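One structure is given here, and the rest of the page talks about it.
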Amino acid sequence: MLKLHIGNKNYSSWSMRPWVLMTQAEIPFEEVLLRFDSFEPDSQFKQAAEALSPSGTVPVLVDGSQVVWDTLAIAETLAERFPECRLWPQDATERALARSVTAMMHAGFGALRQHFPMNIEAHLPEVGARVLREQPAVVADLERLLALWERLLARHQGPLLFDHFTIADAFYAPVVMRLGTYAVSVGPRVEQYMDAVRALPGVSRWIAGALAEHDFRPFEEPYRSEQDQA
């Protein structure tokens, strides 16, 4: 059976993508949690991750002797191995578009990632409002993101970015979590998209797992102390 090595569900946006993809597509796999204790070279997490792949990060997909360690590489590997799951759109033009918007998420939106780290358990509307006041790069990222979603939802008439669940939705699912945590205001069409993503069985199961962790990691919490959480 495939093994997917992941980090903490509350914080690890990179891990969320292939986990949601495989769960939603009903691809059987064994989950292996590498708990975030620290990202220092001598931490248990780093030692375990570096034993798996040269990246020293999660997620990592292991299939016998084959090891794949980048989220986009994992997604492409799964699409090749499980064509019946239709992880990309079948139409060539739509497939190229889906690959483009997925790569855009994979490589971009750096300010949004930095200032709105994924933290599913938290609800931080005051932080969200302050970041949007003080960080114009986040505002620019957000405007570009929402415009992209609006175009795709109008093109395909929703509720997801393409005519069925694809890798693109799996890659944007952590952003849906971020916008919820920081209470970012969006238009009605995007709100419907976010609701549809949260309702996906793969996403709802990930959220449930994140909420059940109760594993506060100070180095993943730029906006809260453990006392704030309590």
Side-chain angles (χ1 to χ4, degrees), residues 1-75 77-78 105-106 110 112-124 127 170-182 197-198 200-230:
M1 180 180 289
L2 298 172
K3 290 186 179 181
L4 183 66
H5 297 254
I6 65 170
N8 288 47
K9 289 179 179 174
N10 192 49
Y11 303 117
S12 185
S13 60
W14 293 104
S15 298
M16 183 180 183
R17 295 182 175 99
W19 194 100
V20 164
L21 182 65
M22 297 175 77
T23 302
Q24 186 65 26
E26 299 184 343
I27 297 172
F29 69 98
E30 177 185 346
E31 173 190 314
V32 182
L33 174 65
L34 301 185
R35 178 177 178 265
F36 291 164
D37 60 334
S38 165
F39 297 139
E40 296 301 316
D42 60 348
S43 67
Q44 290 185 350
F45 169 79
K46 266 299 181 184
Q47 291 178 14
E50 288 176 351
L52 287 170
S53 81
S55 71
T57 61
V58 287
V60 177
L61 181 69
V62 178
D63 181 11
S65 61
Q66 183 184 62
V67 179
V68 190
W69 61 83
D70 174 87
T71 52
L72 194 51
I74 291 171
T77 298
L78 294 169
M105 182 68 254
H106 186 256
L112 189 152
R113 296 177 193 268
Q114 177 185 353
H115 295 284
F116 284 166
M118 193 173 87
N119 191 338
I120 292 173
E121 179 274 331
H123 183 58
L124 302 169
V127 172
F171 267 64
Y172 282 96
V175 184
V176 172
M177 301 298 102
R178 296 172 195 258
L179 300 189
T181 294
Y182 300 97
V197 169
R198 285 187 286 254
L200 292 169
V203 175
S204 62
R205 285 175 59 185
W206 178 275
I207 293 171
L211 296 178
E213 281 181 339
H214 304 296
D215 190 15
F216 188 89
R217 304 283 83 202
F219 53 88
E220 289 279 13
E221 294 274 357
Y223 302 125
R224 298 191 304 172
S225 68
E226 196 161 6
Q227 290 71 32
D228 294 331
Q229 185 195 39

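All figures in this text were calculated on a predicted structure; none of them were measured in a lab.
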Practice item. Could you tell me whether E26 atom CD has more than 12 heavy atoms of other residues or ligands within 6.0 Å of it? Key: no
Nearest heavy atoms of [X] and [Y], plus distance in Å:
X	Y	answer
H123	G180	ND1-O, 3.9 Å
T181	N119	OG1-O, 2.9 Å
S204	P201	OG-O, 3.1 Å
M118	K9	CE-O, 3.6 Å
T57	S53	O-OG, 4.4 Å
N10	I120	OD1-N, 3.0 Å

Would you confirm whether [X], through its side chain, and [Y], through its main-chain N or O, come within 3.5 Å as a donor-acceptor pair?
X	Y	value
E31	L4	no
D70	A73	yes
Y172	V197	no
S15	V58	no
Y182	P117	yes
E221	F216	no
K46	S38	no

**Study point:** Check ion pair R35-D37 (N to O, under 4.0 angstrom)
**Key:** no
Are [X] and [Y] packed together at the side-chain level, in the sense that at least one heavy-atom pair is separated by less than 4.5 angstrom?
X	Y	result
L52	L34	yes
T71	P59	yes
H106	W14	yes

Check your understanding: Could you go step by step and tell me if L2 and I27 meet the side chain to side chain contact (heavy atoms under 4.5 Å, CB included) rule?
Key -> CA-CA 9 Å; L2 298 172; I27 297 172; 4.0 Å; yes
**Study point:** Passing option when L78 is tested against D63, V68, L21 for side-chain contact (heavy atoms from CB on, under 4.5 Å)
**Key:** L21
Study note, to complete from the structure: Sorted by chain and residue number, the side chain to side chain contact (heavy atoms under 4.5 Å, CB included) partners of F39 (sequence neighbours excluded) come out as F36, F45, F219, E220
Study note, to complete from the structure: Sorted by chain and number, sequence neighbours left out, side chain to side chain contact (heavy atoms under 4.5 Å, CB included) with Q114 holds for none
Rounded to the nearest 0.5 Å, what's the gap from [atom1] on [X] to [atom2] on [Y]? Could you check?
X	Y	atom1	atom2	result
R17	W206	CZ	CH2	10.5 Å
H5	W19	NE2	CH2	15.5 Å
I6	M16	CD1	CE	11.0 Å
L61	F29	CG	CZ	9.5 Å

Exercise for review: Name all residues meeting the salt bridge (Lys or Arg N to Asp or Glu O under 4.0 Å) criterion together with R113; count only those two or more places apart in sequence or in a different chain, and write none if there are none.
Suggested key: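 R113: no salt bridge (Lys or Arg N to Asp or Glu O under 4.0 Å) contacts found.
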Practice item. Kindly indicate, with the supporting measurements, whether the criterion side chain to side chain contact (heavy atoms under 4.5 Å, CB included) is fulfilled by V127 and R224. Key: CA-CA 10 Å; V127 172; R224 298 191 304 172; over 6 Å; no
